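Some notes on the structure that comes next.
What you see below is based on every heavy atom in this structure, not just the backbone, and it leaves out hydrogens, waters and symmetry mates. Throughout, residue positions are numbered sequentially from 1 according to the sequence presented. Source: prediction; values computed, not measured.
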Amino acid sequence: MKPALSVAVRTLCEFTARGGDLDLRFTPAPSALEGMEGHAVVQKRRKNISGYETELALSGRFEELQVRGRADGFDAFKQQLEEIKTYRGRLDGVRPHHRALHWAQARVYGHLLCQERGLERIKLALVYFQIGSAEETVLVEECSATELQAFFELQCARYLEWARREDAHRQARDGAMAQLKFPMPAFRSGQRELAVAVYRTAHASEGGRCLMAQAPTGIGKTLATIFPMLKSMAAVMVKGASEADAAGLDKLFFLTAKGTGHGLALHALGQLQQALPASASASASASFAPLRVLDMKAREKTCEHPDKACHGESCPLARGFFDRLPAARQQALQLPLWDGPALRTLALEHGICPYYLSQELVRWADVVVADYHYYYDSAAMLYALALQQDWRVGVLVDEAHNLLERARSMYTAPLSQLDLAQARQGATGAVKKALDALQRQWQALNKAQDQTSYQSYESIPGVLLGAMQRAAGAIADQLAEQEIAGHAATGGQPALADHALLDFYWELLHFQALADQFGPHALFDIQLATPLQRASRVRTPTSTLCIRNVVPAPHLAARHEAAQATVLFSGTLSPPQFYRDLLGLPADTAWLDVPAPFAARQLQVHIARHISTRWRDRDASLTPMAELIAQQYARLPGNYLCFVSSFDYLQQVAATLERLHPQLPLWLQQRGMDEAARAEFLARFVEGGRGLGLAVLGGAFSEGVDLPGSRLIGAFVATLGLPQLNPVNEAMQRAMDQAMGVGLGYDYTYLYPGLRKVVQAAGRVIRSEYDRGVLVLMDDRFARAEVRALLPAWWQIEVGGRGF
């Protein structure tokens with residue numbers, strides 16, 4: 001009989017064998033590549049041992065639970081099974097809960113091997129391999145098959161009780177999703193078309209598992225994408241699909257760039273949960289909720305003790321975390337929503353950390369609402385778990401036009417020489433020697449640049465990377481020694497590490513990781529500090545080194561490949577080839593352009609071709625711009641937004657309006673506005689109000705802002721939104737020409753990103769089929785054919801003079 005439930009050895013032991021404190025103190029851990037290389041070194045050392053076996057595939061069964069895994073090595077002569085673990089620093093730095101987990105894995109593998117080969121006794125060895133010295137430490141215990149069987153059965157019994165409930169929940173959830181009805185009386189215009197395309201993408205058999213959907217504001221994109229993904233959790237056989245493809249989704253990840261999208265997703269999920277029939281909810285009573293929704297919050301928003309370190313000797317909520325976790329996890333099943341307030345209350349009731357409780361609950365959630373970086377970053381938790389657990393995931397990327405810049409920042413690594421100077425201040429011994437050597441190599445690069453403030457290079461000097469690697473290794477060894485020595489000397493209280501040194505160490509690791517993947521998709525550049533920037537801190541020239549991502553595609557492609565279905569949706573994804581190329585989407589990615597439900601008569605669009613907002617024309621543009629704004633306001637009084645290219649330009653426009661038309665009410669966006677200040681700015685836009693808000697294009701008020709009806713009746717856009725012309729962007733344009741083809745560099749670097757911001761800002765005016773408004777594009781370049789072709793097709797544009 002085929003077992004109904006299956007689990008990997010690692011997953012089983014992580015569930016049952018972890019105990020004690022949550023301990024996130026610094027431990028210099030090997031990278032994934034170093035770990036694999038360390039395993040290979042140990043196994044290679046055993047190749048001359050007669051009968052030594054590596055990578056043994058093992059499996060066993062307990063009741064209906066099938067346990068599977070792959071043991072690292074087995075010495076038949078010694079009757080010794082080996083579990084290989086890599087580490088940096090001192091072996092004492094391997095945390096107790098990690099050591100307990102390692103022994104648990106070895107014992108489960110030991111039982112599986114004894115069962116398979118009929119062994120009565122076996123030796124279990126933890127082989128700890130030190131990455132820096134290549135030294136092995138072997139810890140051995142001998143166990144009888146009877147002892148190992150008892151251990152195995154205990155772990156399985158603990159897991160199986162939970163797994164049975166999870167299986168019942170999965171069946172109840174899938175049944176509920178199969179019955180789920182759209183929660184609104186009818187689909188809006190374009191909403192059904194979008195929902196059908198998402199559903200087909202989720203059930204594609206081979207290619208076509210990615211969809212780009214451009215859909216206008218106001219049709220309900222969030223609901224139209226989540227609903228079909230939830231329906232896809234139930235297994236459905238589609239014509240031509242394999243049995244594997246007919247299986248439903250395990251998880252849905254709804255990824256957002258901003259808090260507004262986060263809130264919209266939770267609201268839509270609430271509507272869908274309320275739409276479940278009573279029978280579906282009742283059938284899920286064994287697991288309390290037919291659909292588990294987890295709202296992932298950032299650590300800085302959920303940390304209860306920001307002044308404490310994340311370990312049991314500092315933070316009370318880390319103390320005994322894994323001992324208290326099972327009870328908290330069990331009680332979480334009774335909650336209708338795993339959001340911030342609910343998880344905080346639950347976590348504090350059980351005396352554990354709310355943030356890390358939410359991370360643990362990812363494994364048991366059906367839907368996770370989170371920021372982009374949880375799936376797309378280099379150390380993304382959701383992506384890593386999806387691979388480790390072999391989940392079939394659906395990924396929804398909200399306001400996907402934002403993913404480009406966010407991904408670039410994820411895969412960009414700046415390294416400041418001022419930070420190196422801070423790290424060197426307290427350094428001694430081998431660390432000081434390594435940092436001094438790095439400083440000499442760095443200064444040689446500065447000198448070779450011959451005072452040119454900015455320069456990009458085709459490659460990263462090998463001598464620089466070698467100096468960085470030696471510095472990182474020296475820092476890692478010293479920090480590990482400091483921690484162990486401090487822990488022993490203070491009776492459990494670890495010594496405080498040099499924060500500047502530790503911060504620089506993390507920056508080095510990030511830089512090195514991207515250096516290993518360096519290619520035409522990135523730039524290596526050096527920006528020399530100006531005399532004013534360095535005057536107060538150092539006398540010699542300093543610089544910032546940067547691996548600057550230009551094309552995120554090589555980093556994101558594997559993330560798309562790992563998902564069963566990926567849907568990227570936004571009101572502005574044109575031209576589609578631009579996003580397909582830069583975001584690493586496969587060539588067969590489907591494209592859907594949902595027609596706008598708005599009529600051209602709803603929005604009067606004018607191009608003021610007598611105004612130029614080019615840098616050289618800024619001063620000359622101020623008076624005609626002020627006159628045009630005042631004329632439109634006099635013609636149709638109400639609330640308007642005016643978007644300009646920078647805060648400096650904003651101040652000039654405001655001063656001109658106040659001088660020429662002091663009767664016009666103004667309120668201005670300021671640099672660094674906090675949440676309260678932004679809310680105050682938007683509160684000025686009341687129904688029937690009158691006045692002009694001045695804001696920067698691409699800032700907080702140019703997207704994600706909903707001001708329907710007469711709260712906003714018009715917008716002025718006094719820029720094409722083109723990124724600033726500077727050496728960095730010019731280097732990016734050259735790199736884009738090289739990567740995408742000569743001639744595309746300008747469009748990909750300047751034109752497309754700029755006009756996307758324009759269209760997003762203009763979208764603030766018409767939010768529903770009942771809205772009416774005016775849009776004035778104030779620059780003669782908007783009249784160019786190649787620019788107008790990139791504006792929404794439903795706009796009927798009038799190219800006018802000074803007063804239209």
_Expected output: side-chain Glu399 to main-chain Ser570 donor-acceptor under 3.5 Å_ = no

*Is a donor on one side and an acceptor on the other found under 3.5 Å between the side chain of Lys231 and the backbone of Ala178?*
yes

_Checking Thr572 against Gln760: is there a side-chain donor and acceptor pair closer than 3.5 Å?_
yes

*Does any N or O in the side chain of Ser314 come within less than 3.5 Å of the main-chain N or O of His311, such that one atom is a donor and the other an acceptor?*
no

*Does His510 use its side chain to pair, donor to acceptor, with the backbone of Thr412 at less than 3.5 Å?*
yes

*asked:* Can you see whether Glu703 engages Asn402 through a side-chain donor-acceptor pair at a distance of less than 3.5 angstrom?
replied: yes

*Does atom NE2 of His305 have more than 12 heavy-atom neighbours from other groups under 6.0 Å away?*
yes

*Would you find more than 12 non-hydrogen atoms of other residues, nucleotides or ligands less than 6.0 Å from Glu561 atom CD?*
no

_Backbone of Met673 reached by a side-chain donor or acceptor of Arg678 within 3.5 Å_ = yes

*With the side chain counted from C-beta on, respond yes when Gln388 and Glu14 share a heavy-atom pair under 4.5 Å apart, and no when they do not.*
yes

*Ion pair present between Asp174 and Arg170, side-chain N to carboxylate O less than 4.0 angstrom?*
yes

*Measure from the side-chain N and O atoms of Gln191 to the backbone N and O of Gly220, and report whether any donor-acceptor pair falls under 3.5 Å.*
yes

*Starting from the C-alpha separation in whole Å, work towards a yes-or-no answer on side-chain contact (heavy atoms from CB on, under 4.5 Å) for Met229 and Leu249.*
CA-CA 8 Å; Met229 279 291 192; Leu249 297 177; 3.7 Å; yes

*Indicate whether the side chain of Arg299 and that of Gln359 have a donor and an acceptor atom separated by less than 3.5 Å.*
no

*Measure across Gly312 and Asp21 and return the closest heavy-atom pair with its distance rounded to 0.1 Å.*
CA-OD2, 3.5 Å

*Can you check whether Ala677's main-chain N or O pairs, donor with acceptor, with Asp674's side chain at less than 3.5 Å?*
yes

*Flag the pair Arg18 and Glu360 as a salt bridge only when some basic side-chain nitrogen lies within less than 4.0 angstrom of an acidic carboxylate oxygen.*
yes

*Phe15 and Trp364: aromatic ring centres closer than 6.0 Å?*
yes

*Value rounded to 0.5 Å, distance of CZ in Phe227 from CE in Met184*: 12.5 Å

*asked:* Counting only heavy atoms from other residues, nucleotides and ligands, does the tally under 6.0 Å from CD of Glu687 exceed 12?
replied: yes

*What distance do Leu294 atom CG and Lys251 atom NZ have between them, rounded to the nearest 0.5 Å?*
9.0 Å

*According to the interplanar angle, ranging from 0 to 90°, do the rings of His555 and Tyr411 count as parallel (below 30°), tilted (30 to 60°) or perpendicular (above 60°)?*
parallel

*For Arg344, does the CZ atom sit with more than 12 other heavy atoms under 6.0 Å from it, leaving out its own atoms?*
no

*When you measure from the centre of the six-membered ring of Trp391, is the NZ or CZ of Arg363 under 6.0 Å away and within 45° of the axis?*
no

*Check the side chains of Asp371 and His262 for a donor-acceptor pair under 3.5 angstrom, ignoring hydrogens and angles.*
no

*List the atom of Asp390, the atom of Asp250, and the distance in Å for their closest heavy-atom pair.*
O-OD2, 4.2 Å

_Considering all heavy atoms, the nearest Gly709-Asp771 contact_ = N-OD1, 3.0 Å

*Heavy atoms, side chains only, cut-off 4.5 Å: are Gln274 and Pro183 in contact?*
no

*Checking Arg324 side chain against Leu317 main chain: does a donor-acceptor pair fall under 3.5 Å?*
no

*Give the ring-plane orientation class for Phe182 versus Phe187, where under 30° counts as parallel, over 60° as perpendicular and anything between as tilted.*
parallel

*Do Val567 and Val397 have side chains that get closer than 4.5 Å, going by heavy atoms?*
no

*Minimum-distance pair of heavy atoms, taken over all atoms of Leu712 and Leu641*: CD1-N, 3.6 Å

*Using 30° and 60° as the class limits, which term best fits the ring planes of Tyr372 and Tyr376: parallel, tilted or perpendicular?*
perpendicular

*Quick one: which of Leu266, Asp366, Leu252 gives a side-chain contact (heavy atoms from CB on, under 4.5 Å) with Val293?*
Leu266

*Is the backbone N or O of Ala298 less than 3.5 Å from a side-chain atom of Thr302, with the two atoms forming a donor-acceptor pair by type?*
yes

_Let's go through Leu343 and Lys297 carefully: what are the C-alpha distance in whole Å and the side-chain angles of both, what is the deciding distance for side-chain contact (heavy atoms from CB on, under 4.5 Å) to 0.1 Å, and is it a yes or a no?_
CA-CA 10 Å; Leu343 289 185; Lys297 294 291 189 183; over 6 Å; no

*Nearest non-hydrogen partners of Leu346 and Gln331, listed with the distance*: CD1-CD, 3.6 Å

*Pairing of Arg173 and Glu166 as salt bridge, 4.0 angstrom limit*: no

*Cation-pi geometry met for Arg711 and Phe685 (6.0 Å, 45°)*: no

*Any idea which heavy atoms bring Leu387 and Ala562 closest together, and the distance?*
CD2-CB, 3.9 Å

*Enter the distance from Leu194:CG to Arg188:CZ here, rounded to the nearest 0.5 Å.*
12.5 Å

*Could you check Leu333 against Arg292 for side-chain contact (heavy atoms from CB on, under 4.5 Å), going step by step and ending with a plain yes or no?*
CA-CA 8 Å; Leu333 301 184; Arg292 300 173 184 163; 3.4 Å; yes

*Using modelled atom types only, decide if a donor and an acceptor are shared between the side chain of Ser710 and the backbone of Gly688 within a distance under 3.5 Å.*
yes

